[in-house]
Amino acid sequence: MPELPEVETVVRTVAPKLTGRRIVSARFSSKHVVRENFARLARRVAGRSIHGVTRHGKFIVIALDRGNLLVHLGMTGRLIVDGRTGPYTRAVFELDEGELVYNDPRQFGRIEWSEGLPDRVARLGPDALAVTEAEFVARLKARRRAQIKPLLLNQAFLRGLGNIYADEALFAAGIHPHADAARLSRPRARRLHAAMVEVLRAAIANKGSSISDYVYDEGRGGSHQQHLLAYGRTGEPCERCGAPIRRIVLGGRGTHYCPKCQRV
DNA sequence: TCAAATGTTTGATC
DNA sequence: GGATCAAACATTTG
């Protein structure tokens, strides 16, 4: 579920509640979510205080007085202060006041500790909300023979976009999902950058898109799903021209676009 | 009833 | 290096 706007919303929700708290103890129950030894990770975080919570692409970075606790929500992860525990609870951090609960039915999420940032995370591309237009255009030009949609999903190219907002950004910019990235004209590349930033900002303002699992707090979901113009609208008329939105599979991902408004 | 779909990353293979 | 595909898992949808 969670892409940049959803993760940003979770961070904003959780940060004020966690900052200044101390982790008393932690327990884990999923070998998928926690890859290292449970006891070792619990020892690492026990007794540490939380300095702040930030976002790195789709990663949630909980800064401790020593090292960082990284949480990735995968597709169905939920990170909630004083959240309800249940059959899908994979981690619980007892705090000096309250507790931080991680639920994740599909277990595609990850929780790990790192001194700084793990290499694979540090090496990701620039953040989709922070990248400048010039850098974005330059990076597009550098990709020979890459289709734009899968490229936007590649976190090593740009961090933060996922399937929903890649489709939305391309729709807003009028670019066909399988246009050749390096061959986009400068004005079209610039338009894509502007569209992407605008789409992400609007989604954050609406606290993300709640399509199936995503909530940012107990019982609270975002509302941006009501404003999506391409994603999930297969067969419905395009807001701009009325042609039915088409769905194809590109790079193994469902891809929604207007065959009339979006050109290669 | 069953295949296919779902926002994620990864690791293997070409 | 980079693209592509399958896999990890649980649940819902057609």
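Residue numbers start from 1 in every chain, and the chains themselves are labelled A, B, ... in the order their sequence lines are given, proteins ahead of strands.
Counting non-hydrogen atoms under 4.0 angstrom, Gly254(A) reaches the backbone sugars and phosphates but no base. Among the atoms of the strands shown, only primed sugar atoms or phosphate atoms (P, OP1, OP2) are found under 4.0 Å from some heavy atom of Ala146(A). When heavy atoms are screened at a 4.0 angstrom cut-off, Tyr231(A) is found touching the sugar-phosphate backbone but no base atom.
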Might you work through the side chain to side chain contact (heavy atoms under 4.5 Å, CB included) test for Leu161(A) and Met196(A), ending with a clear yes or no? CA-CA 9 Å; Leu161(A) 280 194; Met196(A) 172 179 80; 3.8 Å; yes

Lys149(A) and Leu170(A): CA distance, side-chain angles, deciding distance, side chain to side chain contact (heavy atoms under 4.5 Å, CB included) verdict: CA-CA 8 Å; Lys149(A) 161 81 189 270; Leu170(A) 288 170; 3.9 Å; yes

Would Glu99(A) and Phe93(A) satisfy side chain to side chain contact (heavy atoms under 4.5 Å, CB included), going step by step from the backbone distance to the final call? CA-CA 6 Å; Glu99(A) 60 183 17; Phe93(A) 300 87; over 6 Å; no

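Separating the CD atom of Glu112(A) from the P atom of dT9(B) is a distance of 13 Å, rounded to the nearest angstrom. Atom CG of Leu153(A) is separated from atom C1' of dC5(C) by 15 Å (rounded to the nearest Å). If you measure from atom CD1 of Ile248(A) to atom C1' of dA5(B), you get 16 Å, rounded to the nearest angstrom. Spacing between atom CG of Asp180(A) and atom C1' of dG2(C) amounts to 14 Å, rounded to whole angstrom units. Taking atom CD of Gln155(A) as the reference point, atom P of dT10(B) lies 9 Å away to the nearest angstrom. Leu124(A) places its CG atom 8 Å from the P atom of dT10(B), with the value rounded to the nearest Å. Rounded to whole angstrom, the span from the CG atom of Asp104(A) across to the P atom of dT6(B) amounts to 18 Å. dA8(C) atom P lies 9 Å from atom CZ of Phe108(A), rounded to whole Å.
The partner of dT1(B) is absent, by the rule that a Watson-Crick or G-U pair needs both atom distances under 3.5 Å. With a cut-off of 3.5 Å on both Watson-Crick or G-U wobble distances, the partner of dC9(C) is given as none.
dC5(C) and dA5(B) have their P atoms separated by 14 Å, given to the nearest Å. Rounded to the nearest Å, the gap between the C1' atom of dA4(B) and that of dA6(C) is 15 Å. Only the P atoms considered, dA3(B) is 15 Å distant from dA7(C), to the nearest whole Å.
The phosphate of dA10(C) has OP1 or OP2 within less than 4.0 Å of a side-chain N or O from Gln107(A). Between Arg143(A) and the phosphate of dA3(C), there is a side-chain N or O to OP1/OP2 separation shorter than 4.0 Å. Proximity of Arg247(A) to the phosphate of dT6(B): a side-chain N or O atom is located under 4.0 Å from OP1 or OP2. Neither OP1 nor OP2 of dA8(C) sits under 4.0 Å from any side-chain N or O of His32(A).
With dT8(B), dC9(C), dA3(C) as the candidates, the nucleotide lying closest to the side chain of Met75(A) is dT8(B). Checked against dT10(B), dT6(B), dA3(C), the side chain of Arg120(A) finds its nearest nucleotide in dT10(B). With dT9(B), dT4(C), dA3(C) as the candidates, the nucleotide lying closest to the side chain of His72(A) is dT9(B). Nearest to the side-chain atoms of Arg253(A) among the listed nucleotides dT9(B), dA10(C), dG2(C) stands dT9(B). Distances from the side chain of Lys58(A) to the nucleotides dT8(B), dA3(C), dC9(C) place dT8(B) closest.
Side-chain atoms of Arg110(A) stay outside donor-acceptor range of the base of dT8(B), with no qualifying N/O pair under 3.5 Å.
Comparing Phe59(A) and Ile211(A) along DNA chain B, the residue whose closest nucleotide (by nearest heavy atom) sits nearer the 5' end is Ile211(A). Sequence order on DNA chain C of the closest nucleotides to Gly252(A) and Ala142(A) puts Ala142(A) first from the 5' end.
Taken together through direct or relayed side-chain contacts under 4.5 Å among Ile, Leu, Val, Met, Phe, Trp and Tyr, Val101(A) and Val53(A) form parts of separate hydrophobic clusters.
Side-chain polar atoms of Asn103(A) and Thr89(A) form a donor-acceptor pair below 3.5 angstrom.
A salt bridge is absent between Arg22(A) and Glu97(A); no separation between the charged side-chain nitrogens and carboxylate oxygens falls under 4.0 Å.
The NE2 atom of His193(A) sits 6.5 Å away from the CZ atom of Phe136(A) when rounded to the nearest 0.5 Å.
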